[in-house]
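Please read the structure below before turning to the comments.
Worth saying up front: this structure is predicted, and the values here are computed from it rather than measured. Chain letters run A, B, ... following the sequence lines, proteins first, then strands; residues in each count from 1.
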Protein chains: 2
Amino acid sequence: MSVTHTEVTAGPADLDPCGQAGYPDCGIRDVLDRVGDKWSVLVIVELANGARRFRELQRAVDGISQRMLTLTVRRLERDGLVLRTVYPTVPAQVDYRLTETGASLTHLVKALADWSLGHRDGIARARQAYDARHPGNEIR
Amino acid sequence: MSVTHTEVTAGPADLDPCGQAGYPDCGIRDVLDRVGDKWSVLVIVELANGARRFRELQRAVDGISQRMLTLTVRRLERDGLVLRTVYPTVPAQVDYRLTETGASLTHLVKALADWSLGHRDGIARARQAYDARHPGNEIR
DNA sequence: CAGCATCCGTTCTGATACTG
DNA sequence: CAGTATCAGAACGGATGCTG
């Protein structure tokens with residue numbers, strides 16, 4: 001399912017070729033998929049405030065199911081964005097914290113969350129306006 | 001045009017309440033879902049370079065199907081991030097361009113794409129290492 | 001050209017139940 | 001506490017055919 005990427009020699013500054021015909025997405029997809037998935041951003045934002053245990057995370061990220069939290073932190077761990085530490089206590093205790101790489105993402109992620117908050121109302125209004133202009137148009 | 005955010009009671013710096021128990025995600029989800037979906041970012045990046053017609057977009061965003069492009073631009077239009085203009089020519093001609101709001105997102109999106117490129121290799125290595133440490137663990 | 005409608009397999013998610 | 005396992009429903013995504 002994942003898109004295979006071919007070696008592309010494009011500098012970070014020049015994003016144009018990426019995703020264009022002949023430049024099969026560079027592999028940004030891989031990273032974007034992670035950043036873009038339903039819960040990663042919220043988890044990262046929470047961890048930006050410090051290490052958290054599993055339950056703490058679940059309580060902090062409202063609405064996330066146990067299963068999804070597990071999957072999310074596992075993926076983040078696999079990508080090297082989050083460090084998982086198991087303490088051999090009884091009952092088991094595990095905490096999660098951002099790695100340096102993960103931390104380097106936080107300001108971007110926060111900026112994104114920030115932008116979201118700042119434009120939330122405007123977007124909500126835009127949606128209402130659109131829906132009013134296009135009655136009976138289910139775009140979701 | 002700098003990214004100005006409209007009156008937010010909780011300062012942008014303090015994102016903590018969002019997504020926490022009792023603060024049902026504030027609605028960041030709505031916005032994040034858009035930003036985070038499979039194609040939006042790529043479309044936005046492409047439109048950041050100027051107005052594009054439907055076909056141009058499809059060619060530029062490698063791999064996107066007609067259906068997905070349609071859905072993606074519709075959603076972006078609905079959210080007020082993209083402006084759709086129809087020219088009554090024959091055959092029909094339509095172009096898409098970013099609105100100011102949409103444009104204000106490009107910095108963030110580009111920064112994100114940038115970060116992705118910059119950390120692509122590191123993440124790939126982290127994944128390999130993880131997979132080596134956890135044989136037979138299909139995380140996706 | 002720029003779509004919309006439909007079919008249909010794949011993936012994602014959440015709820016539920018159980019374990020070390 | 002911190003998971004794993006399973007299962008069914010929802011959402012996603014592509015292919016195909018048709019229209020103005």
Figure out the [atom1]/[atom2] separation between [X] and [N], and round it to whole Å.
X	N	atom1	atom2	result
A/Leu57	D/dA2	CG	P	9 Å
A/Arg55	D/dG3	CZ	C1'	9 Å
B/Glu77	C/dA2	CD	P	15 Å
B/Leu69	D/dG13	CG	P	13 Å
B/Gln93	D/dG20	CD	C1'	15 Å
A/Glu56	D/dA2	CD	P	8 Å

Query - No-hydrogen, no-angle side-chain donor-acceptor test under 3.5 Å, B/Gln128 and B/Arg125 - result: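 On atom types as modelled, these side chains do not qualify, holding no pair under 3.5 Å.
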Query - salt_bridge(B/Asp131, B/Arg133) N-O dist < 4.0 Å - result: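 Answer for the salt bridge query: no.
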Report task. Would you mind checking if A/Asp95 and A/Arg52 are paired as a salt bridge, meaning a charged N to carboxylate O distance below 4.0 Å? Result ->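 Looking at A/Arg52 and A/Asp95, the cut-off is not met.
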Query raised in the report: Okay, side chain of A/Thr101, backbone of A/Leu81: is any donor-acceptor separation there less than 3.5 Å?
Result: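 Looks like no, no N/O pair under 3.5 Å.
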Report task. For A/Thr72 and A/Trp39, indicate whether the former's side chain and the latter's backbone hold a donor-acceptor pair under 3.5 Å. Result ->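 Here the side-chain-to-backbone pair does not exist.
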Requested in this report: Counting heavy atoms from C-beta on, name the nucleotide in D/dA2, D/dT4, C/dC4 closest to the side chain of A/Thr70.
Outcome: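 Ranking D/dA2, D/dT4, C/dC4 by closest atom to the A/Thr70 side chain puts D/dT4 first.
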Query raised in the report: Under 4.0 angstrom, heavy atoms only, what part of the nucleic acid is B/Tyr96 near: base, sugar-phosphate, or nothing?
Result: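 The answer is sugar-phosphate, as B/Tyr96 gets under 4.0 Å only of primed atoms, P, OP1 or OP2.
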Query raised in the report: Does OP1 or OP2 of D/dA2 have a side-chain N or O of A/Arg52 closer than 4.0 Å?
Result: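 Answer is no, no contact under 4.0 Å.
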**Report entry** N or O in side chain of B/Arg53 less than 4.0 angstrom from C/dC1 OP1/OP2
**Finding:**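 No, no such contact exists.
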Query raised in the report: How does protein reach along nucleotides 13-20 of chain C, written 5' to 3' as B (base within reach of a heavy atom under 4.0 Å), S (only sugar-phosphate), or - (no contact)?
Result: BBB-B---
Query raised in the report: How far apart are the closest heavy atoms of A/Val45 and A/Asn49, and which atoms are they?
Result: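 Shortest heavy-atom contact: O-ND2, 3.7 Å.
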